Amino acid sequence: MRRSEPITLTEEERLELEARVRSRTGRAGDAKIARVILLLAGGCTYSETQQRADCSAPFVSRWKKRFLAERLGGLYSRHRGRQAKVLTPEMEAKILAWTQKKPTDGSTHWSTRRLAKKLGAHHMMLARTWRKHGLQPHRVERYMASNDPDFESKAADIIGLNMNPPQHAAVFCVDENTAIQALDRKDRILPLSPGRAERHGFEYVRHGTLSLFAAFNTQTGSVLGKTASRHTSQEFAAFLTDLVSHQPEGREIHVIADNLSAHRTKKVQDFLAENPNVTMHFTPTYSSWLNQVELWFSKIQRDVIVRGVFKSAEDLSLKLMHYIRQYDKAPKPVKWKYRDPSRRIRVTDDSSVTAH
């Protein structure tokens with residue numbers, strides 16, 4: 001059994017090596033090297049050091065020689081493989097150019113490994129380049145193109161009503177969520193538990209559908225709601241009548257709605273003629289995102305409809321109206337901000353189409 005010549009450590013060196021051994025955030029390799037040096041400094045033989053540090057004799061010998069030659073400064077790993085590739089400007093430009101091309105293997109977009117194989121580079125080089133330039137080929141976003149020639153003026157009108165409403169007037173965003181299904185689950189719901197999400201069975205029973213009309217007050221955030229078994233112009237006009245009845249007599253009311261045909265029928269025109277204090281403002285075509293009530297519909301969809309269990313259409317109606325009453329106890333208006341006009345997309349090949 002060969003006994004190594006003991007290594008003499010200063011107090012500072014011993015404290016540093018012991019800190020590396022105890023570290024929970026440092027590299028495991030650094031901790032192993034520090035342990036070897038401490039064992040040798042404690043008088044352990046090569047065999048004892050190999051056993052206790054779980055390493056080979058060449059490993060012990062190599063790091064002992066480096067420590068004796070350079071002390072703590074020598075305890076870092078040297079790169080023994082091929083020379084690391086450097087990302088040159090030419091290679092970076094090539095990666096960016098190929099990223100924007102369609103893949104040649106029939107897939108719709110590149111992955112780092114597929115493109116790395118094509119270019120003969122390491123996939124991490126591509127990942128760093130994509131991160132640097134904000135490229136995410138695996139993601140896709142949707143946009144809506146409006147062919148409304150009056151898009152600018154209509155959008156400005158609605159944005160103005162939301163951001164700076166007329167004094168003493170009420171502004172409501174009105175829409176309907178149609179064909180909401182009253183779904184009952186065939187299998188019992190397995191509740192939430194540690195490490196496991198709530199689980200619903202695949203099969204369900206449908207007990208009919210109904211529509212939900214909602215008017216979102218842009219200034220207070222409160223919601224006036226009404227359910228109906230059918231979605232017709234008559235029901236919409238009746239809902240507008242309810243809306244007016246909930247406001248002080250003669251108050252100026254502005255209603256923002258989309259371009260659904262049920263919003264433009266003779267019944268609606270007759271209602272407007274009977275109520276001259278009510279003004280309708282229609283969003284541009286394919287621009288329902290300008291209607292703030294859509295944000296509230298997404299909230300009730302998440303909170304009630306998606307995971308709800310409804311024994312009948314009446315049960316669905318009761319639960320929707322109960323949610324609205326509870327919501328109106330502490331309503332929240334939408335804080336709408338339009339900060340970055342540069343994010344707007346314009347389609348240049350057809351001036352009649354505006355994308356957003």
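Model, not experiment: these values are computed from the prediction.
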Enquirer: Can you say whether the rings of Y327 and W296 are parallel (under 30°), tilted (30 to 60°) or perpendicular (over 60°)?
Expert: perpendicular

Enquirer: Looking at every non-hydrogen atom in both residues, tell me the closest pair between A34 and R20 and how far apart they are.
Expert: CB-CB, 3.9 Å

Enquirer: Under a 3.5 Å distance rule, please check whether T99 uses its side chain to pair with a backbone N or O of A97 as donor and acceptor.
Expert: no

Enquirer: Would one find more than 12 heavy atoms of other residues, nucleotides or ligands at under 6.0 Å from atom CD of Q51?
Expert: no

Enquirer: Answer with yes or no whether the hydrophobic clustering places L15 together with L9; edges join I, L, V, M, F, W, Y residues whose side-chain heavy atoms lie under 4.5 Å apart.
Expert: no

Enquirer: Drop me the distance from R307's CZ to I189's CD1, to the nearest 0.5 angstrom.
Expert: 8.5 Å

Enquirer: Between S222 (side chain only) and D328 (backbone N and O only), is there a donor and an acceptor less than 3.5 Å apart?
Expert: no

Enquirer: So, taking the atom named CG in D54 and the one named OG1 in T49, what distance separates them when rounded to the nearest 0.5 Å?
Expert: 12.5 Å

Enquirer: For C44, is there any backbone N or O sitting under 3.5 Å from a side-chain donor or acceptor partner on R52?
Expert: no

Enquirer: Taking all non-hydrogen atoms of both residues, which atom of Q219 and which atom of V171 are closest, and how far apart?
Expert: OE1-N, 3.7 Å

Enquirer: Using a 4.5 Å cut-off on heavy atoms from C-beta on, say whether the side chain of I159 contacts that of L290.
Expert: yes

Enquirer: Let me have the donor-acceptor pairs involving side chains of residues 206-214, under 3.5 Å, with sequence neighbours excluded, atom names and distances please.
Expert:
residue: R206; atom: NH1; partner: Q181; partner atom: OE1; Å: 3.4
residue: H207; atom: NE2; partner: K311; partner atom: O; Å: 3.4

Enquirer: Is the backbone of M125 close enough, under 3.5 Å, to the side chain of T129 for a donor and an acceptor to pair up by distance?
Expert: yes

Enquirer: Quick check: closest heavy atoms across A57 and Q50, and the distance to 0.1 Å?
Expert: CB-OE1, 3.3 Å

Enquirer: Please say whether more than 12 non-hydrogen atoms of neighbouring residues, nucleotides or ligands are located less than 6.0 Å from NZ in K267.
Expert: no

Enquirer: Taking F67 as the starting point, is it possible to reach Y46 by hopping between hydrophobic residues whose side chains are less than 4.5 Å apart?
Expert: yes

Enquirer: Does NE2 belonging to H246 count more than 12 external heavy atoms closer than 6.0 Å?
Expert: no

Enquirer: With side chain to side chain contact (heavy atoms under 4.5 Å, CB included) as the test, pick out the partner of L320 among V304, D315, N177.
Expert: V304

Enquirer: In terms of side-chain geometry, is the basic nitrogen of K132 or E92 positioned less than 4.0 Å from the acidic oxygen of its partner?
Expert: yes

Enquirer: So, do D175 and H263 sit near enough that their side-chain heavy atoms are less than 4.5 Å apart?
Expert: yes

Enquirer: Within the side chain of S23, is there an N or O that forms a donor-acceptor pair under 3.5 Å with the backbone of A19?
Expert: no

Enquirer: If you count heavy atoms of other groups shown closer than 6.0 angstrom to CD of E249, is the number above 12?
Expert: no

Enquirer: May I ask you to decide if G160's main-chain N or O and N164's side chain share a donor-acceptor pair within less than 3.5 Å?
Expert: no

Enquirer: Which atoms form the tightest heavy-atom contact between V244 and F271, and what is the distance?
Expert: CG2-CZ, 3.6 Å

Enquirer: State whether the number of non-hydrogen atoms from other residues, nucleotides or ligands found under 6.0 Å of Q301 atom CD is greater than 12.
Expert: yes

Enquirer: How about I256 and V174: do any of their side-chain heavy atoms sit closer than 4.5 Å?
Expert: no

Enquirer: Given the ring of F297, does R302 sit roughly above its face, with NZ or CZ under 6.0 Å from the centre of the six-membered ring and within 45° of the axis?
Expert: no

Enquirer: Please answer whether the main-chain N or O of T10 pairs with a side-chain N or O of E13 as donor and acceptor at a distance below 3.5 Å.
Expert: yes

Enquirer: Could you state the interatomic distance from CG (L161) to CD (Q292), rounded to the nearest 0.5 Å?
Expert: 10.5 Å

Enquirer: Among R113, R114, K117, which one satisfies salt bridge (Lys or Arg N to Asp or Glu O under 4.0 Å) with D105?
Expert: R114

Enquirer: Can a side-chain donor-acceptor contact be found between Y286 and N147 if the only test is distance below 3.5 angstrom?
Expert: no

Enquirer: Without swapping roles, check the side chain of D258 against the backbone of T283 for a donor-acceptor pair under 3.5 Å.
Expert: no

Enquirer: For H138 and Q136, does a side-chain donor sit closer than 3.5 Å to a side-chain acceptor?
Expert: no

Enquirer: Can you check whether K118 reaches W110 side chain to side chain, under 4.5 Å on heavy atoms?
Expert: yes

Enquirer: Between T218, L240, L243, which is the residue that forms a side chain to side chain contact (heavy atoms under 4.5 Å, CB included) with F172?
Expert: L243

Enquirer: Could you check whether K186 makes a cation-pi contact with F202, meaning its NZ or CZ is under 6.0 Å from the centre of the six-membered ring and within 45° of the ring axis?
Expert: no

Enquirer: Using distance alone, with no hydrogens and no angle criterion, decide if D148 and S146 have a side-chain donor and acceptor under 3.5 Å apart.
Expert: no

Enquirer: Given 3.5 Å as the limit, does a donor-acceptor pair link the side chain of S107 with the main chain of P103, or not?
Expert: no

Enquirer: Around atom NE2 of H123, are there more than 12 heavy atoms from other residues, nucleotides or ligands closer than 6.0 Å?
Expert: yes

Enquirer: Take a 6.0 Å sphere around CZ of F59 and say whether it holds more than 12 heavy atoms from other residues, nucleotides or ligands.
Expert: yes

Enquirer: Contact between L224 and F239 at the side-chain level, heavy atoms closer than 4.5 Å - yes or no?
Expert: yes

Enquirer: Does the H133 side chain pair with the main chain of L135, one donor and one acceptor, at a distance under 3.5 Å?
Expert: no

Enquirer: On the six-membered ring of W98, is K101 placed so that its NZ or CZ lies under 6.0 angstrom from the centre and within 45° of the ring axis?
Expert: yes

